[in-house]
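Only one structure is covered here, and it is reproduced in the block below.
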Amino acid sequence: MSKKQKMVEAITPRDEDFTRWYTDICMRAELCSYSTVRGCVILRPYGYAIWELITGELDRRFKKTGHENVMMPLFIPESLLQKEKDHVEGFAPEVAWVTHGGDEELTERLCVRPTSETLFCDHYAEVIESWRDLPKLYNQWVSVVRWEKTTRPFLRTREFFWQEGHTAHATKEEAMEETLMILNLYEEFYQTALAIPVLSGEKSESEKFAGAVNTYTIEAMMHDGKALQAGTSHYFGNGFAKAFNIQYADRDNRLQYVHQTSWGVSSRSIGGIIMVHGDDDGLVLPPAVAPIQIVIIPIAQHKEGVLDEACRLKEAVKEAGFRVKLDDSDRMPGWKFAEYEMKGVPIRLELGPRDIAQGSCVVVTRDNREKTVVQLENIIEELPGMLNDLNKRMFENANKRLTSRIYDVSDWNEFVQTMDEKPGFIRAPWCKDPDCEAKVKDITKATSRLIEGAADKSHSCIVCNRPALQMVIWGRAY
RNA sequence: CGGGGUGUGGCUCAGGUGGUAGAGCGCUUGGUUCGGGACCAAGAGGCCGCAAGUUCAAGUCUUGUCACUCCGACCA
């Protein structure tokens, strides 16, 4: 009984204090730890391993769609950053500046990249000359710095890790196609690799990226009903091209400005995994990004033959292509159970003298803790299906939570009340007036997360009652 | 940037009225254990965030400072 209590005490229960539950998981699952640098975290091996798997999944998709990786400098000269007006204004408040090299003051300060549009543009202006040079489909995996005031592990840190794709195209149509193709790619990645259902759509004028013509987003719903912007894809038109003079000679030898896009997914996605799938016992990881997919816990491992059998099992599982760990440390089995649950390992195999005698082992799935006994000779062929089912259950559960917590509301009072009482999103029509959007934010703290599409003619704006133009998903966000 | 909280072994904290530091967990070693966070024994580990000040004497009192953390305004 006291043991039970101890386990429960390990992390703050999710429904008691969501924020503390979240940080507890980050620390206890050894994903990250606070660093001496304010607002920055240290990615620990386990957290970094997840990030590596995420980058691997995404990078594979980028390569498949013809993108190339590059590396831009960490610094941006002030004059370069200032070339596109909207862009600077958007980022100015949160950039970090380098003013000195050694003891010498620099003639021009350098900003630590908050994002690299300007660097890519500067480079594109140099390397793009003719239509034959297009499209340029570049991406980079880097960290960027934004001087945030309040920070939280993964969700908002001053330095964070991400990929930023930057492409240049001959036509508007092509650039728009790229923008939407990436949006779909992100959506597919989140739903299959992370088992996180997302909504996708366009951002409103006030929520879009600084310098973009259109910003598209995928939004996920966390367990507490709040939204997490999980990825964005921007269409730039030729605004940047004009500011940076990125021109190419078309087939008729006429100079044209390129049309550009940019898009990114960050290490914030790890926060999403935690807040969508995690429970009171810790992390629950989707198999595709689980550093350890299968952990083998030997029971009474000092007894004759147990470790040998466990080793054989491990080798077989590894041979079959799974990421597997055999924990033969001298911890108690119960300690190990709790530890790997905390770390979200999808499947645990228990192997003890009893199992060995019967030629079987106990399989426990992390999401529902279901125990089944499987014959050792069948285990390898059973595992893929079990992982698959687990992934499916994770997605379905999250999807049920998402869809059941989107409320269709058409009346302002009901909107305020719903936002206040029910965690989740609200679908409500809007007239497109930024003042109405601002009023929603002022009063309910909810923002427009995305625009689903045009509103029905019969709809009127949730705030001002004038004819509505768009159907919008609203929610409080991280 | 505003408000609150906290700084004492790796972690969580205890140390009325000032007298030179303690517990639990963790760690190390040895032994017994092993199907839901084991037990016994012996160890290692701290200029008490930092800096001034008061004092014969400061985790303890004063002032300042820094850091972290939580809650609000801005943001992936």
Side-chain angles (χ1 to χ4, degrees), chain A residues 1-12 17-20 22-23 27-28 33-41 90-95 114-115 143-164 186 203 206-210 215 217-220 227-234 262-272 281-282 297-303 306-307 327-342 348-357 360-362 364 369 371 373 441-442 445 447 477-478:
Chain A
M1 201 46 73
S2 68
K3 278 176 192 166
K4 177 85 184 172
Q5 225 158 24
K6 202 169 178 183
M7 279 178 63
V8 172
E9 275 166 12
I11 60 173
T12 310
D17 185 338
F18 195 78
T19 305
R20 267 180 56 196
Y22 175 80
T23 10
M27 301 303 153
R28 285 285 286 104
S33 102
Y34 293 115
S35 78
T36 41
V37 187
R38 182 201 241 284
C40 297
V41 293
F91 283 100
E94 46 184 354
V95 297
T115 179
S143 68
V144 289
V145 168
R146 297 183 189 174
W147 217 251
E148 301 290 350
K149 308 218 163 106
T150 44
T151 58
R152 300 185 56 195
F154 300 116
L155 300 176
R156 174 153 296 107
T157 48
R158 287 189 172 168
E159 180 187 20
F160 62 91
F161 304 89
W162 76 346
Q163 56 69 214
E164 44 179 320
Y186 282 163
K203 283 287 192 190
S206 70
E207 293 284 325
K208 75 180 192 192
F209 181 82
T215 288
T217 180
I218 54 171
E219 304 275 328
L228 185 76
Q229 182 172 304
T232 47
S233 185
H234 317 287
S262 89
W263 26 274
V265 159
S266 74
S267 42
R268 175 181 249 196
S269 51
I270 297 174
D281 293 324
I297 311 289
I299 308 292
Q301 60 182 329
H302 60 289
K303 290 195 177 151
V306 172
L307 269 184
D327 188 345
D328 58 357
S329 70
D330 58 5
R331 299 280 193 183
M332 301 295 291
W335 188 94
K336 294 176 186 175
F337 296 166
E339 185 64 17
Y340 294 100
E341 279 169 8
M342 177 64 69
R348 170 174 88 232
L349 302 180
E350 302 174 19
L351 189 69
R354 284 206 311 258
D355 304 295
I356 293 167
S360 62
C361 77
V362 177
V364 185
R369 278 182 203 67
K371 283 193 183 192
V373 176
K441 191 172 181 182
D442 270 2
K445 300 221 186 295
T447 49
Y478 277 99

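Below, chains carry the letters A, B, ... as their sequence lines are ordered, and counting in each starts from 1. Note that the coordinates shown come from a computational prediction; the quantities given were computed from them, not determined experimentally.
- In terms of polar N and O atoms assigned as donor or acceptor, the side chain of A:Arg369 never comes within less than 3.5 Å of the base of B:G36 in a complementary pairing.
- Between A:Lys336 and A:Arg348, every side-chain heavy-atom pair lies at or beyond the 4.5 Å cut-off.
- Of all non-hydrogen atoms in A:Ala227 and A:Glu219, the two that sit nearest each other are CB-OE1, 3.9 Å.
- Taking atom CG on A:Leu155 and atom C1' on B:C74, their separation rounds to 16 Å, with Å as the unit.
- A:Ile356 places its CD1 atom 13 Å from the C1' atom of B:C34, with the value rounded to the nearest Å.
- Among the protein residues, A:Val362 comes within range of the nucleic acid bases, having at least one heavy atom under 4.0 Å from a base atom.
- As a whole-Å value, the separation of A:Lys371 NZ from B:G36 C1' is 7 Å.
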How does RNA chain B read in dot-bracket, base by base from 5' to 3', with Watson-Crick or G-U pairs under 3.5 Å and | used when the partner is on another strand?
((((((((.[[[[.)...(..]]]].((((((.....)))))).....[[[[[..)....]]]]])))))))....
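- The listed nucleotides are B:G36, B:G26, B:C34; the one nearest the side chain of A:Pro333 is B:C34.
- Straight-line distance from the NZ atom of A:Lys336 to the C1' atom of B:G37: 12 Å, rounded to whole Å.
- One atom, CH2 of A:Trp335, and another, C1' of B:C27, lie 13 Å apart when rounded to the nearest Å.
- Heavy atoms of A:Pro353 sit under 4.0 angstrom from at least one base atom.
- The P atoms of B:U60 and B:G15 are separated by 14 Å, rounded to the nearest whole Å.
- When each of A:Leu351 and A:Arg146 is assigned the nucleotide of RNA chain B bearing its nearest heavy atom, the one mapping closer to the 5' terminus is A:Leu351.
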A correct 5'-to-3' footprint of nucleotides 67-72 of chain B, with B, S and - meaning base, sugar-phosphate only and no protein heavy atom under 4.0 Å, is -SS-SB
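- Rounded to whole Å, the separation between the C1' atoms of B:C74 and B:C61 comes to 41 Å.
- A search for salt bridge (Lys or Arg N to Asp or Glu O under 4.0 Å) contacts involving A:Glu339 returns nothing, not counting sequence neighbours.
- Rounded to whole Å, the C1' atom of B:G2 lies 32 Å from the corresponding atom of B:C11.
- Taking every side-chain heavy atom of A:Ile299 into account, B:G35 is the closest of B:G35, B:G36, B:C74.
- Remark on RNA chain B: of its neighbouring residues A:Pro93 and A:Asp330, the 5'-side contact belongs to A:Asp330, judged by nearest-heavy-atom nucleotide.
- Across B:U12 and B:G18, the matching C1' atoms stand 27 Å from one another, rounded to whole Å.
- Proximity of a side-chain donor or acceptor of A:Lys303 to a complementary backbone N or O of A:Pro353 within less than 3.5 Å is not detected.
- In terms of modelled atom types and a separation under 3.5 Å, the side chain of A:Tyr22 and the main chain of A:Pro153 share a donor-acceptor contact.
- The local environment of CG in A:Asp330 is sparse, with at most 12 non-hydrogen atoms from other residues, nucleotides or ligands closer than 6.0 Å.
- A straight line from CE of A:Met27 to P of B:C25 spans 24 Å, rounded to a whole angstrom.
- If you take CD1 of A:Ile11 and P of B:G37, they are 17 Å apart, rounded to a whole angstrom.
- Between the side chain of A:Arg28 and the base of B:G37, at least one donor-acceptor pair of N or O atoms lies under 3.5 Å.
- Applying the ring-ring contact (aromatic ring centres under 6.0 Å, His included) criterion to A:Tyr478, with sequence neighbours excluded, gives no partner residue.
- A gap of 34 Å separates the P atoms of B:G45 and B:C70, to the nearest Å.
- Distance alone, capped at 3.5 Å, is enough to place a donor-acceptor pair between the A:Arg146 side chain and the A:Pro114 backbone.
- We find that CZ of A:Arg331 is positioned 14 Å from P of B:C25, with the value rounded to whole Å.
- Applying the 90° cutoff around 0 to the glycosidic angle, B:G43 is assigned anti.
- Residue contacts for A:Gly352: at a heavy-atom cut-off of 4.0 Å it reaches a base atom on one of the strands shown.
- Considering CZ of A:Phe337 and CG of A:Asp281, their distance stands at 13.5 Å, rounded to 0.5 Å.
- Looking at residues two or more places apart in sequence or on another chain, you find a salt bridge (Lys or Arg N to Asp or Glu O under 4.0 Å) between A:Glu148 and A:Arg156.
- Among the heavy atoms of the strands lying under 4.0 Å from A:Thr157 is at least one base atom, whether or not backbone atoms are also near.
- Without hydrogens or angle criteria, A:Ser143 side chain to A:Glu159 main chain gives no donor-acceptor distance under 3.5 Å.
- If you take atom C1' in B:A41 and the same atom in B:A14, they sit 26 Å apart, rounded to whole Å.
- Contacts of A:Glu148 with the nucleic acid, taken as non-hydrogen atoms under 4.0 Å apart, include base atoms.
- Across the C1' atoms, B:G49 and B:U6 are found 11 Å apart, a figure rounded to whole Å.
- A search for ring-ring contact (aromatic ring centres under 6.0 Å, His included) contacts involving A:Phe209 returns A:His87, A:Phe91, A:His234, A:Phe236, not counting sequence neighbours.
- Between B:A44 and B:U17, the distance separating the two P atoms is 32 Å to the nearest Å.
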